[in-house]
Amino acid sequence: MGKRSRRCMYAARVGEFLETAESAVRDALVSSVHGELRSTAWEAWEGEVALLKRVLPPWREADGYLFFEYDIPRLGKRIDVVLLLGGLIFCLEFKVGKGQVAQADVEQVLDYALDLKNFHQFSADRPIVPVLVPTTYTRSMGAAQRSPYHAQIFNPVIVGAEGLGEVITRFVAEFGCAVDPQRWGERWLISPYSPTPTIIEAARALYENHSVEEITRHEADKVSTDATIAFVQEVIEQTRRAAGKSICFVTGVPGAGKTLVGLDVAVKQQFRDGARVAENQAVYLSGNGPLVAVLTEALARDNTAKCRARQEKKNLSDARREVSKFIQMVHNYRDNMLQKLRLPIVDGRLEIDPAKAVRDEAAGFGEVEHVVIFDEAQRAWTHARLANYLKRGGTYGNKFKVADFPLSEAAFLIWSVDQRKDWAVIICLVGGGQEINTGEAGIAEWLKALNQYYRDWQIYISDQLVEREYAEGRVAELLQDNPRVTYASKLHLAVSQRSFRAERLADFVQALLTFNPAAVALYQSVEGNHYPVRLTRDIHKARAWLRAHALGSTRTGILISKVAARYKPQAVQVLPQGNEPAIHWFLEDKCDVRASNYLEDAATEIQVQGLELDYACILWDADLRYEVGPSWGYYAFNGHCAWRPERNADNRQYMLNAYRVLLTRARQGIVICVPEGNARRTPEGFAEDATRLPAFYDGTYHYLRSLGIVEL
């Protein structure tokens, strides 16, 4: 070894490291740096190399290995030093010159251990010891303790420079184990690695590195994210060369990576052959305010921190503006095009008013981007909802008013992009069965608009969309007379990447919600992949279960449907509307009471769609109830004393979709809490709380229990 590897900046056997001069090791590290070397990095390496030279001589002849600056693939993390010794994996995180310990530092090194255990194949069956080394720390190590997360992960050890040798000695003596084969370090370094980053982590990596290939899973042949991106890129290139107009529908199960595909395409359009080619080539649009706000803030914070680490000047507001160039709200895009219209609208025809818009030679009266990505395109509004909204001038009547608007939102968005005179591509990212708001039209409205108004557009869509979640299963029927349709299986993402432990979670949830007998076997499959699904009637037990799993930076939270009403008796509040609460809920750490991990504020399907947690509690209220049939009973609370049956068929579908969204938000496990209700009676014999009768909840609980779901 003794050289740089693809996965680290310096790799060597322990004996080889000890025989190499300190200056030579430091030079090897320096030569591996891309860009400017910070003085702090040099000083840290100097301290780490010197310390390990003093500590490791007893293992000169052992089959041990050292990896400096080990890069955790696709997660954008880097471990200071990995030491393989005595069959153990030591994750060493150094804080050179520091004597104090911060919670974030402890969580950082524990996260490294969890990442290796979950995703690194040759670490899966090895004991892992996370060690935090603030070099001037003076306290001695206590007893070694196994982590409650996994029997082969130890709780983080905190030790100063003087005690590091003793820690390594004790662990090797007490917990060391045989390794087969010998020289396992070489194989460990090139071990298959298959992490599934959160959408926030993935977006950060994309924004920094302009590539999706290193952050998505590749070990399963059926994971097709890369193939989908390549297909979309080819459609864009063909359309550009032909000076035409095209639309791609990228569909998939919850968590399959649709948003990741959209973000990657948006970023890639800014670069060609590694160099920036032009500004404003593509824009990623979403009607999901919390998603846009959280992603924008996460990317801006991360970019600011990295710039400061490189001693570059960048304030947070500038970073937000930079990110906002390619991640925007779809409503803002829509409203900007509305401002260009000639009013009043005559005979149902939209026209640009030259007095309100400047004509560009290439773009015409369209926007500047060639490629427009609409995330959650199934949530585009119906004609009735959009026309009513514009007639009122927005929800509160204080926005731009347009009378007699003739198009659905999908049709208008296509019309807007169609204003370009050179070429344009629309990418629609569509989740099946995830329309969750009144007036959301689903994929059918896009297809109808293309058939009726835009017959010259090339359409690319998957040939696998036969389920009812997509246009009531009528995709092929809707497009059968359109000659410009190309069917491509690569445009459907059938495997969830959100849940690295339960690729069949979406199938289980679908079976659960449709009373499919296969739900029992699917539950066993999910459990067999170490994805716990638990059931309880006690919110306190649910919180305790989540807290037991909230190790490192693991994010937990409570989820609830927006129609739920009787959650206050469970000591739960609903997260306030608006972007600011969502940003804090998803991004703040455990020291901030606004964070999801405090388990006080519950997010609804509106706030969590497109985002994710590691572990979640789904608090199942009386809005959706199991009834004899079997069937679901749909109820809306009247705001003060009673639940009323929901008669509107569309609203019932939105309510069912809400639970589909909630049940598929967690990457590592869920607990479903179905309250017991209130069975107490007043002295006069009336129900103490007629809004929470046990009968409202018991059917749902017994149905879930009948599927074999383990109860806490």
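Because the structure is predicted, anything quoted here is derived from the model rather than measured.
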What is the distance from atom [atom1] of [X] to atom [atom2] of [Y], rounded to the nearest 0.5 Å?
X    : Y    : atom1 : atom2 : value
L559 : L663 : CG    : CG    : 9.0 Å
R594 : H584 : CZ    : NE2   : 4.0 Å
D614 : I670 : CG    : CD1   : 13.5 Å
I236 : F231 : CD1   : CZ    : 11.5 Å
L613 : R665 : CG    : CZ    : 9.5 Å
R301 : T296 : CZ    : OG1   : 12.0 Å

F68 and F17 aromatic ring geometry - parallel, tilted or perpendicular at 30°/60° bounds: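 F17 and F68: tilted rings.
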
Parallel, tilted or perpendicular: rings of H549 and Y615 (30°, 60°):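 Ring orientation, 0 to 90° scale: tilted.
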
With a 4.5 Å cut-off on side-chain heavy atoms, are [Y] and [X] touching?
X    : Y    : value
I427 : V261 : no
I558 : R543 : yes
L92  : L52  : yes
V129 : F175 : no
W59  : I168 : yes
F67  : L84  : yes
R170 : V157 : no
K95  : L132 : yes

Audit row: L51, F94, side chain to side chain contact (heavy atoms under 4.5 Å, CB included) steps and yes/no: CA-CA 10 Å; L51 175 56; F94 292 89; 3.6 Å; yes

Sidechain N-carboxylate O distance under 4.0 Å for E22, R54: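 Not counted as a salt bridge, because no side-chain N and carboxylate O are separated by less than 4.0 Å.
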
Sidechain N-carboxylate O distance under 4.0 Å for R78, E93: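 So R78 does not pair with E93 through a salt bridge.
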
Within 6.0 Å of CD in E46, more than 12 heavy atoms from elsewhere: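 Counting neighbours around CD of E46, more than 12 heavy atoms of other residues, nucleotides or ligands fall under 6.0 Å, so yes.
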
Enclosure of E61 CD (heavy-atom neighbours >12, cutoff 6.0 Å):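 For E61, atom CD is not crowded (no more than 12 foreign heavy atoms under 6.0 Å).
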
CA sep, side-chain torsions, deciding dist, call: L83, V14, side chain to side chain contact (heavy atoms under 4.5 Å, CB included): CA-CA 9 Å; L83 171 64; V14 169; 4.1 Å; yes

Minimum heavy-atom separation for [X] to [Y], with atom names?
X    : Y    : value
T228 : K490 : OG1-O, 2.5 Å
V109 : P156 : CG1-CB, 4.1 Å
A161 : V133 : N-CG1, 4.3 Å
S123 : I128 : O-CD1, 4.1 Å
V159 : L164 : CG2-N, 3.7 Å
Y284 : A266 : CB-CB, 4.1 Å

Okay, side chain of [X], backbone of [Y]: is any donor-acceptor separation there less than 3.5 Å?
X    : Y    : value
N579 : A293 : no
T135 : G160 : no
E527 : V533 : yes
S596 : T556 : yes

Qualifying residue for salt bridge (charged side-chain N to carboxylate O under 4.0 Å, His left out) with E19, from K53, R13, R60: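 The residue from K53, R13, R60 that satisfies salt bridge (charged side-chain N to carboxylate O under 4.0 Å, His left out) with E19 turns out to be R60.
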
Sub-6.0 Å ring centroid separation between Y112 and Y70: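 No, they do not, as the ring centres are separated by 6.0 Å or more.
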
Reference residue C91; test side-chain contact (heavy atoms from CB on, under 4.5 Å); the match among V131, D111, L116: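 That would be L116.
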
Residue pair R555, E612: steps toward the salt bridge (Lys or Arg N to Asp or Glu O under 4.0 Å) verdict: CA-CA 9 Å; R555 187 159 289 275; E612 58 212 348; over 6 Å; no

Derivation and outcome, side chain to side chain contact (heavy atoms under 4.5 Å, CB included), residues R126 and L88: CA-CA 6 Å; R126 311 305 311 169; L88 305 176; over 6 Å; no

Side chain to side chain contact (heavy atoms under 4.5 Å, CB included) between F586 and V608, worked out: CA-CA 9 Å; F586 280 105; V608 80; 3.8 Å; yes

